[in-house]
Amino acid sequence: MLHLLTRVVSSIGALVTAASVLATVKVPTVAEILLWLLMAIALVAAMWDIANYLRRRPSSFAPNSPAIATYLAGWLRSGGRAAIFSRDLSWAKEDHVRRILDGKAADGALLVFAGRTTPEILRLANTGAEVYDYARLQFSPRSRFTFLDYGKAGARLAIGIVRNGQHSITEYGPSDEVVMSLAGDLVELARRSARKVTCENVT
């Protein structure tokens with residue numbers, strides 16, 4: 001938020017300065033055009049920063065709220081191949097979410113990394129999802145995340161984390177190279193070290 005305020009104040013400052021010069025000083029035509037151009041750029045920059053902040057602002061939900069499933073259903077519906085890092089995929093019990101996941105699993109476009117092999121997760125594995133159980137790694141991630149269009153240049157990422165008693169979800173895109181790279185590395189690491197779930201190896 002502080003970073004946003006700094007950028008917006010800077011843009012507005014440039015706009016006000018240019019406007020003040022135009023209002024109080026007679027300048028050559030070329031300089032006047034440049035000042036008007038500066039004002040336009042400053043205004044667009046401020047509007048862009050505000051719009052980008054609003055778009056990237058985390059979405060907050062009460063813990064275990066049905067709204068979480070609705071949000072993630074919309075998120076999953078908006079892209080192709082998905083890679084989901086979850087504890088037990090408990091939010092996927094709703095019918096509308098199940099249908100989306102079933103479709104991706106049947107198309108071979110679903111990877112699931114979970115800490116428990118629940119009947120729902122096993123069903124997805126049998127439907128065609130690539131499922132990995134990281135329970136034996138004795139690792140419980142603090143965050144949960146979902147990639148969309150995983151493996152493509154335009155991949156997107158939603159990371160969920162509990163913050164101040166609320167379930168907070170933040171979205172990231174191709175421009176967030178550091179976050180995207182770290183999450184991608186975690187997916188590949190889990191893929192290579194966690195147990196792959198099949199109907200034969202479930203106990």
Side-chain angles (χ1 to χ4, degrees), residues 58-59 61 63-163 167-174 176-203:
S59 299
F61 308 91
N64 302 315
S65 168
I68 297 174
T70 300
Y71 174 95
L72 289 172
W75 173 256
L76 288 166
R77 198 180 292 114
S78 70
R81 189 181 186 215
I84 302 173
F85 216 104
S86 179
R87 183 179 59 183
D88 56 12
L89 227 61
S90 59
W91 51 269
K93 294 177 181 177
E94 302 290 338
D95 287 342
H96 62 297
V97 182
R98 184 181 288 117
R99 284 193 294 271
I100 296 170
L101 293 177
D102 283 349
K104 290 184 182 295
D107 292 340
L110 179 64
L111 284 79
V112 176
F113 300 86
R116 300 178 195 165
T117 305
T118 64
E120 178 68 18
I121 290 172
L122 178 58
R123 189 182 62 79
L124 286 171
N126 291 334
T127 304
E130 190 176 333
V131 177
Y132 296 88
D133 182 349
Y134 59 77
R136 72 177 182 84
L137 302 178
Q138 298 183 332
F139 168 63
S140 180
R142 183 165 173 256
S143 64
R144 320 282 191 256
F145 59 85
T146 300
F147 267 106
L148 273 188
D149 296 320
Y150 181 70
K152 295 184 178 179
R156 292 170 289 144
L157 176 68
I159 300 179
I161 191 170
V162 176
R163 180 185 294 143
H167 188 83
S168 176
I169 301 177
T170 305
E171 297 180 13
Y172 299 90
D176 304 297
E177 295 179 15
V178 173
V179 175
M180 298 292 287
S181 295
L182 285 171
D185 287 346
L186 183 55
V187 167
E188 287 305 312
L189 180 62
R191 199 175 188 181
R192 297 180 186 212
S193 56
R195 182 190 65 150
K196 188 172 184 178
V197 175
T198 64
C199 56
E200 289 82 10
N201 66 14
V202 172
T203 55

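No hydrogens, no waters, no symmetry mates; every other heavy atom, side chains included, goes into these values.
Nearest heavy-atom pair, Ala129 versus Ala105, reported as atom, atom and distance to 0.1 Å: N-CB, 3.7 Å. Listed here is the closest heavy atom pair of Leu148 and Ser78: CD1-OG, 3.4 Å. For the residue pair Trp75 and Thr146, the shortest heavy atom distance occurs at NE1-O, 3.5 Å. Between Ala190 and Tyr132, the shortest heavy-atom distance links the atoms O-CD2, 4.5 Å. Ala114 and Ile121 get closest at one heavy-atom pair: CB-CD1, 3.4 Å. Closest heavy-atom contact between Gly80 and Lys104: O-NZ, 2.6 Å.
Interatomic distance, Leu124 CG to Arg98 CZ, rounded to the nearest 0.5 Å: 9.0 Å. Ile100 contributes atom CD1, which lies 11.5 Å from atom CG of Asp95 (distance to the nearest 0.5 angstrom).
Inter-residue side-chain proximity for Thr170 and Val179 is flagged as unmet; no heavy-atom pair is nearer than 4.5 Å. Looking only at side-chain heavy atoms (C-beta outward), Leu72 and Val97 stay at 4.5 Å or farther from each other. Using a 4.5 Å heavy-atom cutoff, the side chains of Leu101 and Leu89 are in contact. In this structure, the side chains of Arg195 and Thr117 come closer than 4.5 Å at one or more pairs of heavy atoms. Side-chain contact between Leu157 and Phe145: present, with at least one pair of heavy atoms (C-beta onward) separated by less than 4.5 Å. At a threshold of 4.5 Å between non-hydrogen side-chain atoms, the residues Ile161 and Arg144 do not count as touching. Between Leu137 and Ser193 the shortest side-chain heavy-atom distance falls below 4.5 Å.
Looking at Lys93, its side chain never comes within 3.5 Å of a backbone N or O of Ala69 through a donor-acceptor pair. When atom types are taken as modelled, the side chain of Lys196 and the backbone of Val131 share no donor-acceptor pair closer than 3.5 angstrom. In this structure, the side chain of Arg87 does not engage the main chain of Gly115 through any donor-acceptor pair within 3.5 Å. Distance alone, capped at 3.5 Å, places no donor-acceptor pair between the Ser181 side chain and the Val178 backbone. A donor-acceptor pair under 3.5 Å is formed between the side chain of Asp176 and the backbone N or O of Gly173.
Close placement of the Tyr134 and Phe85 rings is indicated, their centers lying within 6.0 Å of each other.
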*Passes side-chain contact (heavy atoms from CB on, under 4.5 Å), His96 versus Thr70? Steps please.*
CA-CA 8 Å; His96 62 297; Thr70 300; 4.0 Å; yes

_Trace of the side-chain contact (heavy atoms from CB on, under 4.5 Å) decision for Leu111 with Arg81_ = CA-CA 8 Å; Leu111 284 79; Arg81 189 181 186 215; 3.3 Å; yes

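Remark: of the listed residues Ile84, Val187, Asp133, Val187 is the sole one forming a side-chain contact (heavy atoms from CB on, under 4.5 Å) with Phe113.
One finds no salt bridge joining Asp102 and Arg99 here, because no Lys/Arg side-chain nitrogen approaches an Asp/Glu carboxylate oxygen to under 4.0 Å. Taking a cutoff of 4.0 Å between a charged side-chain nitrogen and a carboxylate oxygen, Asp149 and Arg156 qualify as a salt bridge.
For residues 180-194, the pairs satisfying salt bridge (charged side-chain N to carboxylate O under 4.0 Å, His left out) are Glu130-Arg191, Glu188-Arg191, with sequence neighbours left out.
Checked against side-chain hydrogen bond (donor to acceptor under 3.5 Å, both in side chains), Ser65 has no partners two or more places apart in sequence or in another chain.
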